[in-house]
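Notes follow once the structure below has been shown.
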Amino acid sequence: MAVAWRLLDTGLRRAADNIALNRTLLESRAAGESPNTLRFLRFTPCALLGYHQSAAQELDLEYCRDHGIEVQRRITGGGAIYFDPGQLGWELYFGRRDLGVADMESVSRRLCELAAGALRRLGLDARFRPRNDIEVGGRKISGTGGVSEGEALLFQGTLLLDCDVEKMLRVLRISAQKLSDKAVASARERIVTVRELIGQLPPLSEVQQALAEAFAQGLDIALAPDELSATEQARFVAALEEIAQPGWIDLVAKPPADRSLRHATQKFPGGLISVSVDFDAVVGRIKQVWFSGDFFVTPRRAVLDLEAALRNVALEHLEDTVAQFFAAREVDCLQLDPASFARIVRQALAPAALAAS
Amino acid sequence: MECNGCEFRPELYYDSEYQIWLRREETGDLTVGMTDISQTVAGRILHVRVRKPGTLRSRGKPVATIESGKWAGPVPNVFDCVIEAANAEVLENPGLLNAEPYEAWIARVKPAAPDAVEALVTGEAARSGYCERCRREDIHCGRGAR
């Protein structure tokens, strides 16, 4: 028989409330006071840091202040995101052993595959892309993150129903140095919204129903709508006291790093490749890369998938990661040697390029 | 010593779930790290945050947090203690926790009770419990493959 889970819809709220509810629901699930829960949530405009991130490093705080964008810190891992009422949040609270898989990567995969299945119910060709994204045609439509506490887990995702790309880029400082039309266009190519794919915004209730049905079927659970319990209400008040104050947002405070992107362009046999690299020089890790240029790769989405595969890769593993990526799938690059993608990244990070950037 | 490829060290102390290892120092402090099981379950670790030295952490409150594959999680604490120090090398290079979990210590703590380790598991009892968890949850470690 299907196990009973609660279906909770906390509606549109400010970020501090939503994060305090994360803390509340995870702690009370860990304490054995709450049932497993699927929660839907939405946010008034806000910038949300990943748990281990620093606001000054990730966000344009002045822009946020000037535009009434609330800054908050999530309790889950992952990168900073911009949230407004155009996105739907979905969250699952459950026990570590409830999915029957031990490692966190498998938990992410299982839940992302179910969420992708929900989007297919809406007529979108959505797929899970390791390690944490759901994509349509190579373009990201939902990002995810999680947190564990004792025996309880919280896994959450953001579904882009609609998205103000320009504002998102400004908030996230991705190309705050010079927000060119090209940067906006390039970011737009890499993400996609439900509105763009089906030409209109479906009713929220329809999207929520698709997600609820996909999780219910995939996890063999029965969802019953309910509210917060009295003990959860009490925990919420306490959690809000910690979270709705500057100490929480400044929990990790590092000075703004040099986020200027490093660029390189080179003509290889088989095509011209340009790359922009967001590099964390302190730990020697690629944060993100963007490829463009004049080269022939089929399927075209392989380039976007390669960018995803290179996220958070230590520089020493660059060549291996690129080689493994091309070994694992059928990609036609014509005359272009796939190793060129690693070479151009190396070139962007070479000392001379760093001095010039 | 190994179970399912997960390294075990009999001279260390462990919590009952084998999430952390602890080593008793001559000063009475305890050095805390993650087991091979924990680093395997977590996957590639990207961030580590240790509470400030001098902070009192009560039982159940984490001494540190880690992040892997967008999962944030606690490095649990099984007794009342004060944080004495964090391993700066690990803070700068969290991947060490994956590569050499028993060398890459995370924090040194001073337990409130001098006999705190008495409640922990060690030696042969620890080995059998450690292997039991590997088998029960079908956990296989493979550090070379990472």
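Lettering of chains follows the sequences in order, A, B, ..., and the numbering in each one begins at 1. Keep in mind the model is a prediction, meaning the values are calculated, not measured. Hydrogens, waters and symmetry mates are skipped; everything else that's a heavy atom, side chains included, is used.
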Task: Pi-cation contact, W21(B) with R23(B) (under 6.0 Å, within 45°) - done: no
Task: Leading residue by heavy atom contact count with chain B [cutoff under 4.5 Å; candidates V107(A), L154(A), D320(A), D103(A)] - done: D103(A)
Task: Largest heavy-atom contact set with chain B, pairs under 4.5 Å, which of G50(A), P130(A), G78(A), G150(A) - done: G78(A)
Task: Choice from T76(A), L153(A), L251(A) maximising heavy atom contacts with chain B below 4.5 Å - done: L251(A)
Task: Nearest atoms (heavy-atom pairs only) where A80(A) meets L59(A) - done: CB-CD2, 4.0 Å
Open item on the list: Looking at every non-hydrogen atom in both residues, tell me the closest pair between D80(B) and S58(B) and how far apart they are.
Closed with: OD1-CA, 3.4 Å
Open item on the list: Which atoms of P76(B) are under 4.5 Å from chain A, going by heavy atoms: the side chain, the backbone, both sets, or neither?
Closed with: neither
TODO: Would you confirm whether the ring centroid of F94(A) sits within less than 6.0 angstrom of the ring centroid of F215(A)?
DONE: no
TODO: Examine R133(B) relative to Y130(B) and say whether NZ or CZ is less than 6.0 Å from the centre of the six-membered ring and inside a 45° cone about the ring axis.
DONE: no
Task: Cys pair C141(B), C6(B): SG separation below 2.5 Å - done: yes
Open item on the list: Given heavy-atom pairs under 4.5 angstrom as the criterion, report whether the side chain, backbone, both or neither of V252(A) touches chain B.
Closed with: side chain
Task: Residue part contacting chain A, namely of L46(B), when any heavy atom lies under 4.5 Å - done: both
- [ ] Start with the C-alpha distance between W71(B) and S108(A), add both sets of side-chain angles, then the distance that settles side chain to side chain donor-acceptor pair (under 3.5 Å), and finish with yes or no.
- [x] CA-CA 9 Å; W71(B) 281 95; S108(A) 297; 2.7 Å; yes
Task: Part of R74(A) lying under 4.5 Å from any heavy atom of chain B - done: neither
Open item on the list: Between Q19(B) and chain A, with a heavy-atom cut-off of 4.5 Å, which part of the residue counts as in contact: side chain, backbone, both or neither?
Closed with: neither
Task: Heavy-atom contact with chain A under 4.5 Å, split by part of E67(B) - done: both
- [ ] Answer with side chain, backbone, both or neither: which region of S106(A) has an atom nearer than 4.5 Å to a non-hydrogen atom of chain B?
- [x] neither
